[in-house]
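Each remark here refers to the structure printed beneath this line.
Quick caveat, the model's predicted, so the values are computed rather than measured. In each ligand, atom 1 is the first atom listed, and ligand 1 is the first ligand listed.
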Amino acid sequence: MEQDIRQAYATTEPAGGLRVHLITFGCQMNEYDTHLVRSELAGLGASFVETTEEANFVLVNTCAVRGKPVEKLRSLLGELRKQKHRQPLLVGVMGCVAQLPEGQDMARKFEVDILLGPGALTQIGRAIEADHKFWDLSFRDDLNTFTPPPPQGVLSSFVSIIRGCNHHCTYCIVPRTRGPEISRHPDDILKEVQAQKDAGVLEVTLLGQNVNSYGKGRSGYPSFAELLKLVGQIGVNRIKFITSHPVNFTDDIVRAIAETPQVARYVHLPVQSGSDRVLKRMAREYTRDWYLNRIQAIRASISEVVISTDIIVGFPGETEEDFQETLSLYEQVGYDHSYMFIYSPRPGTPSYLHFEDLPREIKVERLQRLIETQKRWSYERNRAWVGRTVEVLVHGRAKETGYAEGHDRGNRPILLPVNEAPKPGLYTAIVKQATPHLLLAERHTTLEPIGSQA
Ligand code: SAM
Ligand code: SF4
């Protein structure tokens, strides 16, 4: 049956008969990679559909950072295999899980036709033209020079600036799945940002596992701080970046944020734990004091900066005293918000191989306490904005009826009455009310009309 679909698209227009359903698990980097593959498929004449039932090609971009998305993938592939037995269907898996032995076992078990590692995405065209199962797990240079066309009809978008990771955090699967760091050429980055701006994008997020390492070891490349300034000159309304590693968050980066008005006053600086003992077992390469010194430098130079973090609760060997250190770090920093994860043992990582996992009840109970702490701080930080004017980038309607949703330059979620912000675009608004999770605001003026905005 697989053969029938492959034959359905003629050689002159290889993907002409393909109806593709794309599914993305995971981070913003994966969203960007899905866009990249989508643009390749569109160039080959494929069309895109919203459900697996309408599709004759289902392609899943996967995430291996925690166990949950991997399990979700397993059950999805089980469903797709059943569908494959009822009707002609190509199934492809790309991204981090494809790179791992567990992904390759799944591919065999669930009759997956195409398997592309995160370094081989440019091979999608060859993969669908092949008349056999197609696996490519190599890290290809052409990925780094590939510039996808700007997405259409969106106000916020991503640009990849560096792929891979040279760190070796003991819990993390990323260095295995995404390989060593490779910075993109600055000309390609600037061209892509310019093209996105020309297409109407108002907010660009620069992406990488460690954006601060940008340019290291590449002669003639700017540093990350210099790149921020160069991107700033293009004149996109907002520039954000994720993710930063505290050990590379140098003073020149702090200055570049402070001195470049287009760069949002928002820093996401993952700490992972407040305990030096745990940080050492995680191989994070910094101490609590180092991290706090970076926070101090950021707060001293960037007024009204919004700071968020990532944290792993219940790392193997984390004692109640270690966890208290994390709680006290939260009190010291007062994060605006944070992404809080329960430790998930990932096969093949050093912590999986050498450390014993804590009982789930302990991990869950600690996470609950941390969530409460964060909630209190988020409310505290959000409350300080009541009565003030904020710039809101409205994306669309919120689930709550009667509201449009967007976020401000600090990435805080904001709701506006939908009749006051009827179309996506930039508005200024006055904050009327705060909750721990969002701000409720009323429109003040329209900053910049977008399309048919009122
Ligand atoms: N490079 C970034 C850094 O070092 O901060 C983070 C990238 S990682 C893909 C995103 C987040 O996932 C990490 O900051 C960490 O909090 C979380 N994470 C990674 N491995 C994890 C694991 N095994 N269990 C739970 N959370 C994990
Ligand atoms: Fe993973 Fe650490 Fe690299 Fe971040 S810095 S991607 S947590 S290994």
Side-chain angles (χ1 to χ4, degrees), residues 24-33 61-71 95-97 99-100 102 118 160-182 205-214 216 224 241-249 267-275 278-286 290-291 294-295 307-318 326 329-330 335 337-358 360 363-364 366-367 370-371 374:
T24 308
F25 294 134
C27 61
Q28 288 92 339
M29 187 59 118
N30 271 9
E31 283 181 43
Y32 179 84
D33 283 345
N61 193 2
T62 60
C63 172
V65 170
R66 283 167 290 275
K68 237 184 186 163
V70 180
E71 286 322 303
C96 285
V97 179
Q99 202 67 27
L100 296 171
E102 64 183 320
S160 162
I161 63 165
I162 181 170
R163 287 182 180 270
C165 178
N166 285 358
H167 293 271
H168 300 281
C169 303
T170 54
Y171 52 80
C172 186
I173 200 74
V174 169
R176 286 189 73 198
T177 59
R178 289 191 171 263
E181 286 168 0
I182 305 175
T205 302
L206 306 177
L207 291 179
Q209 295 301 334
N210 286 299
V211 286
N212 322 137
S213 300
Y214 178 78
K216 280 199 177 136
F224 179 62
F241 54 90
I242 43 170
T243 298
S244 300
H245 193 296
V247 86
N248 300 322
F249 209 90
V267 176
H268 179 63
L269 201 62
V271 65
Q272 314 299 357
S273 170
S275 151
V278 175
L279 288 173
K280 201 164 177 192
R281 281 163 73 84
M282 288 176 163
R284 281 293 286 179
E285 305 166 50
Y286 54 83
W290 167 277
Y291 182 88
R294 294 295 78 207
I295 295 287
I307 301 182
S308 63
T309 199
D310 287 353
I311 200 96
I312 297 179
V313 174
F315 186 73
E318 181 191 78
T326 293
L329 181 106
Y330 263 56
Y335 293 109
H337 55 99
S338 59
Y339 301 92
M340 296 167 270
F341 306 109
I342 282 185
Y343 170 72
S344 171
R346 303 304 301 126
T349 57
S351 65
Y352 174 89
L353 295 170
H354 304 301
F355 303 147
E356 199 176 322
D357 197 10
L358 289 178
R360 186 165 167 80
K363 297 199 279 190
V364 170
R366 285 183 190 162
L367 178 68
L370 197 61
I371 289 173
Q374 181 58 65

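At the shortest separation from atom 4 (O) of ligand 1 among protein heavy atoms lies R284 NH1, 3.0 Å. The single protein non-hydrogen atom nearest to atom 25 (C) of ligand 1 is I342 O, 3.4 Å, given as residue, atom name and distance. The protein atom (non-hydrogen) at minimum distance from atom 20 (N) of ligand 1 is Y171 CD1, 3.3 Å. Among all protein heavy atoms, the one lying closest to atom 1 (N) of ligand 1 is Q209 O, 2.7 Å. Ranking protein heavy atoms by distance to atom 24 (N) of ligand 1, first place goes to S344 N, 2.9 Å. Closest protein heavy atom to atom 10 (C) of ligand 1: D310 OD2, 3.8 Å. Atom 16 (O) of ligand 1 has Q272 OE1, 2.7 Å as its closest protein atom, hydrogens excluded (heavy atom only). For atom 12 (O) of ligand 1, the nearest non-hydrogen atom of the protein is R66 NH1, 3.1 Å.
Heavy-atom proximity to Q209, at under 4.0 Å, picks out these atoms of ligand 2: 6 (S). For ligand 2, the atoms closer than 4.0 angstrom to any heavy atom of P175 are 8 (S). Shown in contact with V174 at under 4.0 Å from a heavy atom are these atoms of ligand 2, numbered in order with element: 6 (S). Below 4.0 Å from some heavy atom of H245 lie the following atoms of ligand 2, by number and element: 5 (S). Close approach of ligand 2 to C165 is summarised as follows: ligand atoms under 4.0 Å from at least one heavy atom of the residue are 3 (Fe), 5 (S), 6 (S), 8 (S). Ligand 2 places these atoms under 4.0 Å from at least one heavy atom of N210: 5 (S). Using a 4.0 Å cut-off to heavy atoms of Y171, the atoms of ligand 2 that qualify are 7 (S).
Counting only N and O atoms by type, the side chains of K216 and N166 include no donor and acceptor under 3.5 Å apart. Using modelled atom types and a 3.5 Å distance limit, the side chains of N30 and T24 yield no donor-acceptor pair.
Using a 4.5 Å cut-off on side-chain heavy atoms (C-beta onward), D310 and H268 make contact. Using a 4.5 Å heavy-atom cutoff, the side chains of V174 and R346 are not in contact. F355 places a side-chain heavy atom less than 4.5 Å from the side chain of F315. Looking at heavy atoms from C-beta onward, Y291 lies in side-chain contact with T309 at the 4.5 angstrom threshold. At least one side-chain heavy atom of C96 sits less than 4.5 Å from a side-chain heavy atom of R178.
Between atom 5 (O) of ligand 1 and the options P270, A64, C96, the minimum heavy-atom separation is to P270.
Not one N, O or S atom of H168 sits under 2.8 Å from atom 2 (Fe) of ligand 2.
At a heavy-atom cutoff of 4.0 Å, ligand 1 is contacted by the side chain of F341 but not by its backbone. Here V65 has heavy atoms under 4.0 Å from ligand 1 in both its backbone and its side chain.
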I'd like to know whether M340 forms a side-chain contact (heavy atoms from CB on, under 4.5 Å) with R366, so could you lay out the CA-CA distance, the side-chain angles of the two residues, the decisive distance to 0.1 Å, and finally the verdict.
CA-CA 11 Å; M340 296 167 270; R366 285 183 190 162; over 6 Å; no

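Checking only distances, Y343 never comes within under 3.5 Å of ligand 1, N or O to N or O.
Heavy atoms of R284 approach ligand 2 to within less than 4.0 angstrom.
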